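For this chain, numbers begin at 1 and follow the sequence in order. Since the model is a prediction, treat every value here as computed from it, not as a measurement.
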Amino acid sequence: MGESKARAVAEAETDWASFEEDHLGPAAKATLQLLEWGRLCSQVAAFAQTTLGQRATAALLPLPSQGAAERALQETAAVDVLESQFAADLDFGGIQTAQAGQALARASRGGLLSGAGLQAVASLLLGAAKLQRAIKVAAREAESTGYQGLAPVTSAFKDIATLPELAGAIGSTIEESGSVRESASEEVRRARGRVRTIEGRLRGILKGHHGEITEQSGRLCVAVPASPDGPPKGILLGSGPGGSTWYVEPPAAVPLNNELAAARGELYGAEETVLWRLTGEISDARYALQDTLDKVVWLDCAAARARYGRWVGGTLPTLCPFPKTGRARGGSRAAAQQAEQAQQAQQAQQEGGEEQDDADRHWVYLRRLRHPLLLGDHLAAKEQAERESRRTPASAVLRRRAAAEGSAMGAASSGAAASEAGPALPPDPQPIDVTVRPQTRAVIITGPNTGGKTASLKALGLAALAARCGLPVPAAAPAKLPCFDAVLADIGDEQSLNASLSTFSGHLRRIGALRAESGSRSLVLLDEVGTGTDPSEGSALGIALLRALVRGGPGGAGLTVASTHHGALTALKYEDERFENASVEFDEAALAPTYRLLWGIPGRSNALNIAQRLGLDRAVVDAARAKLGDAAAQVNATIGELEALRRRSESDEEAADAAHKSAAAAAGQGRRLRLQIAELEAAQQLQRAEAVSSAASAALTELKMLERSQRAAEAETAAAAEAAAAAKRDAALAASGWLPAVGETVFVPKLGKRFKVASVNAASGQLQLQAGKLKLKATVDEVRAE
């Protein structure tokens with residue numbers, strides 16, 4: 001199993017993504033191209049730091065099961081918390097993953113690793129050890145706070161093989177350039193010394209010949225200009241470009257060159273022995289090394305997903321279960337009674353003050369969802385513009401000066417600076433809300449052309465794919481949606497002259513292909529249903545297709561989102577509760593779409609209003625309205641009232657959200673103030689404790705000083721008493737005419753030592769004293785009897 005992993009890593013193009021493709025059908029793969037999934041993966045791959053990590057994220061594909069997708073989301077969340085909350089430095093710089101993978105594959109096949117390959121393996125081990133240390137530091141901090149969400153990363157890197165002995169052996173043996181160090185072995189040191197000696201002797205010989213010393217075909221020689229008289233005496237090893245230079249080996253250099261070749265062969269053998277020894281160690285540990293490589297690349301991919309999520313301001317979605325299958329209107333009486341009872345119970349619960357969270361009332365809940373590709377393009381262009389403005393600050397100075405002066409010259413300078421700044425940034429995409437209730441199985445989106453219908457379909461499809469890959473979605477929290485087993489789309493026109501297919505035929509062929517792979521847990525996205533043929537037939541076909549999809553099962557769908565221009569499809573909502581309407585908003589004042597998605601409201605025709613605002617003859621517009629009839633006018637008026645009501649509701653909701661955020665901010669400020677008060681109280685208590693401790697320490701020091709003074713005074717008193725007693729004894733002895741006898745021990749106060757009396761002169765009172773080898777003379781007055 002480890003050898004197969006090594007082969008997979010060595011062949012970079014056949015990475016784990018090829019395994020992932022096995023569960024994707026042709027229609028699912030075609031949908032990835034329609035949604036431009038590869039572009040999104042490229043945006044994510046830009047945040048990976050290793051070569052294999054970039055390749056893996058660039059080839060990212062939806063995971064085959066909900067369990068795998070949930071694990072990927074947990075891994076992304078763990079890495080995000082590691083970096084953003086615990087400030088872990090996950091640095092992959094210097095880890096040569098691609099070269100290390102190739103080296104492991106070669107070693108597993110019994111091949112010899114070069115110095116560069118060994119250095120790549122050492123970089124893997126050193127980088128893995130650095131990552132492990134960073135993760136352990138963050139894990140200890142998380143443990144102190146009680147946070148348990150780092151388990152996916154800490155468990156993977158807890159026992160990762162870093163093999164410090166092997167990394168140290170490679171570092172002490174191989175230079176960073178990949179060459180073998182001279183200290184690698186005694187044989188290498190001796191062989192290199194011999195090579196240097198021979199090369200020195202050769203150069204000494206060649207210096208005596210005219211020409212530049214060089215090397216040709218492994219032999220030292222001299223390069224001399226070509227001459228009509230022919231080359232000088234020696235062996236002609238070759239000539240330079242155009243024959244203008246000759247490479248000549250003098251006869252005196254031939255024996256030494258032969259010796260040099262032999263010495264270099266010996267050196268090569270010694271270096272190869274070193275390389276084989278290290279290659280053997282790597283081969284013995286190849287399974288552990290392959291596991292380390294896999295985990296480093298896995299962590300790099302997870303870090304790229306987390307960093308991409310922070311870049312787009314994304315949210316990790318919750319994968320919720322699929323709701324129970326709904327029923328069409330007109331079902332059994334028992335089902336209707338159960339639905340009515342459930343509605344009454346829900347109303348009673350709301351009246352009781354226990355309002356259910358808005359997200360819990362939907363099975364797809366993506367608020368303020370933005371198109372990932374458009375958002376990525378906007379952010380990338382914005383960053384590029386900021387980098388350019390930092391490099392060329394003069395343009396900003398010109399713009400400020402032009403604005404301040406307000407002169408024609410300043411305006412011209414400003415315009416020139418603006419033109420130098422480059423084209424305008426891609427617009428920041430308008431966020432949309434995608435909120436689907438449990439009974440809904442199909443959403444019909446209507447509205448004007450270029451109003452954002454197709455962009456809304458693509459944004460939802462990309463969000464569903466991102467969730468299955470463990471990627472954050474660019475939406476507000478909380479975000480949730482089910483783990484669709486397939487995302488299948490029919491978006492855009494597909495015409496083939498070779499196959500004689502029209503736009504309508506292209507749609508039908510794609511719809512047939514995606515229905516062959518769809519089921520009750522699939523997300524189906526249909527753009528412009530019923531387009532390309534007679535409107536009445538197109539409407540009828542669209543209605544029949546949508547009804548077939550909401551039934552689920554093979555050929556059906558878990559959720560269908562379709563855009564259309566046929567108003568008849570919007571009537572399905574009033575016949576079957578499994579259908580819902582939505583529309584893209586149009587600003588009649590600006591005569592332009594707002595790209596906002598309105599739920600529960602079908603799109604209305606704005607053609608006559610636009611025609612009137614653009615100055616078309618009033619009589620023509622009135623005649624057109626009369627042709628449509630009062631019913632159509634009433635429908636449009638009702639839809640307009642619904643749109644106005646929706647805008648007021650959203651305005652109220654935004655005000656409530658702002659109030660909620662203000663309350664949350666106030667609560668947070670209160671918590672911070674309470675924390676600051678607690679910290680101040682703790683600091684005051686610490687200051688009081690330190691003051692008490694300092695006073696106690698000063699009192700203890702003073703007490704010790706008093707004790708030392710008392711002991712010194714007592715010692716002085718005792719010494720004085722002893723001196724007085726000795727004086728009395730001396731006086732008594734002097735009065736009695738005392739002389740010590742020979743051999744008697746006496747004490748000499750001046751020296752503080754005891755001596756034996758060696759001799760006594762009774763007439764003069766002189767004494768000869770001795771203590772070991774020390775001898776001295778003293779008088780009777782200078783000694784005391786013991």
Side-chain angles (χ1 to χ4, degrees), residues 30-49 53-62 76 80 301 303-317 366-392 395 418-434 445 449-476 479 487 489 491-493 525 527 561 563 584-585 592-597:
T31 297
L32 296 180
Q33 296 181 356
L34 289 174
L35 298 179
E36 298 181 277
W37 174 250
R39 280 184 58 201
L40 189 144
C41 293
S42 297
Q43 292 179 357
V44 179
F47 293 92
Q49 297 182 7
Q54 291 171 354
R55 293 177 184 174
T57 48
L60 203 60
L61 287 172
T76 306
D80 183 47
C301 293
R305 298 196 302 266
R307 292 164 184 170
Y308 166 80
R310 293 195 295 272
W311 184 57
V312 298
T315 301
L316 285 171
L366 299 171
R367 299 293 303 272
R368 300 190 62 77
L369 172 67
R370 292 191 285 181
H371 194 298
L373 298 180
L374 300 181
L375 177 59
D377 292 342
H378 169 75
L379 294 174
K382 183 179 178 181
E383 291 176 353
Q384 179 65 23
E386 291 175 350
R387 287 193 293 268
E388 291 179 356
S389 66
R390 287 194 294 269
R391 287 196 297 266
T392 57
S395 60
S419 64
E420 292 175 2
L425 294 179
D428 190 2
Q430 174 69 35
I432 62 173
D433 293 340
V434 181
I445 304 177
N449 288 328
T450 68
K453 298 190 299 295
T454 303
S456 299
L457 294 178
K458 289 186 175 182
L460 176 59
L462 290 172
L465 292 171
R468 286 182 60 191
C469 295
L471 278 171
V473 296
V487 177
I491 297 176
D493 294 338
L525 306 172
D527 191 24
V561 182
S563 68
V584 288
E585 188 180 42
T594 64
Y595 303 104
R596 296 175 67 244
L597 193 61

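Looking at Trp37, its side chain does come within 3.5 Å of a backbone N or O of Leu60 through a donor-acceptor pair. Side-chain N or O atoms of Thr57 include none that pairs as donor or acceptor with a backbone N or O of Cys301 at under 3.5 Å.
Under the 4.5 Å side-chain criterion, counting only non-hydrogen atoms from C-beta, Leu425 is not in contact with Gln384. Taking the side chain as every heavy atom from C-beta outward, Leu35 and Leu40 never approach each other to under 4.5 Å. Looking at heavy atoms from C-beta onward, Thr31 lies out of side-chain contact with Leu465 at the 4.5 angstrom threshold. Residues Pro472 and Leu316 meet the side-chain proximity criterion, which asks for heavy atoms closer than 4.5 Å. Between Thr454 and Lys458 the shortest side-chain heavy-atom distance falls below 4.5 Å. Contact of the Leu457 side chain with the Ser563 side chain is registered, since non-hydrogen atoms from C-beta on lie closer than 4.5 Å. Trp311 is listed as a side-chain neighbour of Glu383, based on a closest heavy-atom distance under 4.5 Å.
The shortest non-hydrogen separation linking Ala381 to Pro426 is CB-CD, 3.3 Å. Scanning all heavy atoms of the two residues, the minimum distance from Pro474 to Pro372 falls at CG-CG, 3.9 Å. Closest approach of Ala463 and Leu369 over heavy atoms only: CB-CD1, 4.2 Å. In terms of heavy-atom proximity, Gly470 sits nearest to Arg305 at O-NE, 3.3 Å.
Atom-to-atom distance recorded for Leu374:CG and Leu379:CG is 11.0 Å, nearest 0.5 angstrom. Taking SG of Cys41 as the start and CD of Gln54 as the end, the distance is 13.5 Å to the nearest 0.5 Å. For the atom pair Glu36 CD and Leu462 CG, the distance stands at 8.5 Å (nearest 0.5 Å). Expressed to the nearest 0.5 Å, how far CZ of Arg368 lies from CG of Leu366 amounts to 13.0 Å. Between atom CZ of residue Arg367 and atom CG of residue Asp433 there is a gap of 4.0 Å, rounded to the nearest 0.5 Å. The OG atom of Ser456 lies 9.0 Å from the NZ atom of Lys453; values are rounded to the nearest 0.5 Å.
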- Query: Going through the distances and angles, do Leu597 and Gln430 end up as a side chain to side chain contact (heavy atoms under 4.5 Å, CB included)?
  - Reply: CA-CA 10 Å; Leu597 193 61; Gln430 174 69 35; over 6 Å; no
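With respect to Asp428 and Arg370, a salt bridge is recorded, a charged nitrogen being found less than 4.0 Å from a carboxylate O.
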